[in-house]
2 protein chains.
Amino acid sequence: MARIKTDNNLTRKEVIVTKAATLFREKGFKAASMRDLAEAVGVEAASLYNHIKSKTELLHELCFSVANRFLHKIDEVELEKTSSVEKIEKLLRFHINEMIHHYEEVYVSDREWKHLSDPYLSNFQNQRRIYRKRFAAIIETGIKNKEIKSIDAPTAVLIMLHAISGIESWHRSVQKISAEELEENMISILVGGLVNR
Amino acid sequence: MARIKTDNNLTRKEVIVTKAATLFREKGFKAASMRDLAEAVGVEAASLYNHIKSKTELLHELCFSVANRFLHKIDEVELEKTSSVEKIEKLLRFHINEMIHHYEEVYVSDREWKHLSDPYLSNFQNQRRIYRKRFAAIIETGIKNKEIKSIDAPTAVLIMLHAISGIESWHRSVQKISAEELEENMISILVGGLVNR
DNA sequence: ATAACATACTAACGTGTGTTAGCGATAAAA
DNA sequence: TTTTATCGCTAACACACGTTAGTATGTTAT
């Protein structure tokens, strides 16, 4: 009888969630079926329900675990006694590394959150809105300090975050530059576009 | 008996494609059903098939009409006798305006092309790859000229294109700055991040 | 060894999907 | 007005989906 392998002291549920992330990234949430997921896990579809409540629960877990990581990071960064540009750079580097090392989850959280259903959907949208506002506030401070050139802060946030989601293309490309080079290039362009010269 | 309205000398098929774009953007290609589309058009689902061959055909039309517009533009820009930075700025402004004024189509083409099926899928991916290479080549030239700082050109392209797709958030936001302000802010940040100082 | 539990299986359900066939209604051409 | 082509309808199809019920198998604790 097939059994879900649990290497590296992961629970069976965690194995499922991880495989779900890969699948949701590859095919999209709607197009990925529970039968697909079952096959990836090595089990029959119905067996998954011994470990999870529903397909949507998988999406919840993915979206909110990612969102929480970003919220904790901005909590931390806001408290630091550094310049605005340093704070922004720190956040960007965190985003970049999350996108590099937790690609599947972050990507799914970014692109598939629309398929959350409603207590969770509004919640997620709220967290997202608040996060962006706090990010924009850091930029605003930098503009007042003359560290950063006079631009519309929400637009800047939107550019930064979406630019980073482009790391998706890096992952898919055959000839990759190294992760470190990628990080430095992105920081150079993005921070370079903000600062007063 | 209900009939598809064709204002502004559009064919009935064009009306369907346009509504499909809106629907695919809102719900995603897979989650948007032909019955949803039929309701949006004001007709029964089966009636749509008097005008289109399949659901996927709708996606083809959207993806390739967008792709062709970008390819024609880069054809035009490459021929101009201007600096690399001017060429890039021109392309970026085109991208920005496409994203502002043909939001639905461009967004769908960007996010839902994965659901194309295979003669079209490879074709689309090819066009996309080639476009990005040509864009990167312009940047490379700019780097050799010392117009542009020494960065990895493919990474720069990826940042630019994804940053612009963030205009999606601008469309959804309640308090929008004007389209002109948006354009100038984006250009300022993106071009500012590239140029040598 | 036995009891208790966790996990996987088969079978099936109701529902929603894209799409086709065939028929009536409307509009355009003769 | 008659003919013809266009367009929309109802009904139905075959299929894939998420999920549940009930049962068998394997694992852990007594």
Side-chain angles (χ1 to χ4, degrees), chain A residues 1-7 9-24 26-63 108 112 114-118 120-121, chain B residues 1-7 9-24 26-63 108 112 114-118 120-121:
Chain A
M1 199 177 240
R3 204 130 204 281
I4 299 179
K5 278 197 205 163
T6 68
D7 303 333
N9 52 12
L10 291 173
T11 68
R12 285 174 167 71
K13 180 168 179 175
E14 285 165 339
V15 173
I16 295 172
V17 172
T18 304
K19 297 272 187 188
T22 307
L23 216 65
F24 292 170
E26 285 171 355
K27 313 184 117 193
F29 177 74
K30 270 283 175 184
S33 78
M34 293 305 278
R35 285 167 178 87
D36 289 337
L37 178 55
E39 190 179 352
V41 170
V43 100
E44 292 299 317
S47 309
L48 297 171
Y49 289 83
N50 287 316
H51 306 281
I52 60 162
K53 286 206 301 290
S54 65
K55 187 187 182 185
T56 329
E57 189 204 3
L58 293 168
L59 192 58
H60 302 163
E61 304 238 341
L62 289 167
C63 289
V108 169
E112 306 293 333
K114 278 188 188 179
H115 299 104
L116 289 169
S117 30
D118 209 352
Y120 299 94
L121 179 58
Chain B
M1 198 176 243
R3 206 129 202 283
I4 299 179
K5 278 195 208 165
T6 67
D7 303 333
N9 53 11
L10 291 174
T11 69
R12 286 175 166 73
K13 180 167 179 174
E14 285 166 340
V15 173
I16 294 173
V17 173
T18 304
K19 297 272 186 187
T22 307
L23 216 64
F24 292 170
E26 285 171 355
K27 312 184 117 192
F29 176 74
K30 271 282 173 184
S33 78
M34 293 305 278
R35 285 166 178 88
D36 289 336
L37 178 55
E39 190 179 353
V41 170
V43 99
E44 292 299 316
S47 309
L48 297 172
Y49 288 83
N50 287 318
H51 307 280
I52 61 161
K53 285 206 302 289
S54 66
K55 186 187 182 186
T56 328
E57 190 205 3
L58 294 168
L59 192 57
H60 301 163
E61 304 239 341
L62 288 167
C63 288
V108 168
E112 306 292 334
K114 279 187 188 181
H115 298 103
L116 289 170
S117 30
D118 209 349
Y120 299 95
L121 178 58

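Chain letters run A, B, ... following the sequence lines, proteins first and then strands; every chain starts at 1.
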Taking atom [atom2] of [N] as reference, at what distance in whole Å does atom [atom1] of [X] sit?
{"X": "A/Met34", "N": "C/dT15", "atom1": "CE", "atom2": "P", "result": "20 Å"}
{"X": "B/Ile52", "N": "C/dT20", "atom1": "CD1", "atom2": "P", "result": "10 Å"}
{"X": "B/Tyr49", "N": "C/dG18", "atom1": "OH", "atom2": "P", "result": "6 Å"}
{"X": "A/Phe24", "N": "D/dG18", "atom1": "CZ", "atom2": "C1'", "result": "12 Å"}
{"X": "B/Glu44", "N": "D/dT10", "atom1": "CD", "atom2": "P", "result": "5 Å"}

Problem - Salt bridge A/Lys13-A/Glu61, side-chain N to carboxylate O under 4.0 Å - result: yes

Handout entry: Check: A/Glu57 side chain, A/Lys53 main-chain N or O, donor-acceptor pair, under 3.5 Å
Key =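 At least one qualifying donor-acceptor pair exists.
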
Practice task
Look at the side chain of B/Thr18 and the backbone N and O of B/Glu14, then say whether any donor-acceptor pair between them is shorter than 3.5 Å.
Solution key: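 Side chain of B/Thr18 to backbone of B/Glu14, a donor-acceptor pair under 3.5 Å: yes, one is there.
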
With a 4.0 Å cutoff (strictly under), does any side-chain N or O of [X] reach OP1 or OP2 of [N]?
{"X": "B/Ser33", "N": "C/dG16", "answer": "no"}
{"X": "A/Ser47", "N": "C/dT7", "answer": "no"}
{"X": "A/His51", "N": "C/dA6", "answer": "no"}

Exercise for the section: Check if the side chain of A/Arg35 and the base of D/dG18 share a donor-acceptor pair of N or O atoms closer than 3.5 Å. Expected result: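 For A/Arg35, whose side chain was compared with the base of D/dG18, there is a donor-acceptor pair (under 3.5 Å).
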
Problem - Side-chain-base donor-acceptor pair under 3.5 Å for A/Asn50 and C/dA8 - result: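 Pair found.
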
Exercise for the section: Could you tell me whether A/Lys55 sits above the aromatic face of A/Phe29, with NZ or CZ closer than 6.0 angstrom to the six-membered ring centre and within 45 degrees of the axis? Expected result: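 Cation-pi check for A/Lys55 and A/Phe29: passes.
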
Problem - DNA chain D: 5'-proximal contact among A/Asp36 and B/Ala46 (nearest heavy atom) - result: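 So the residue in question is B/Ala46.
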
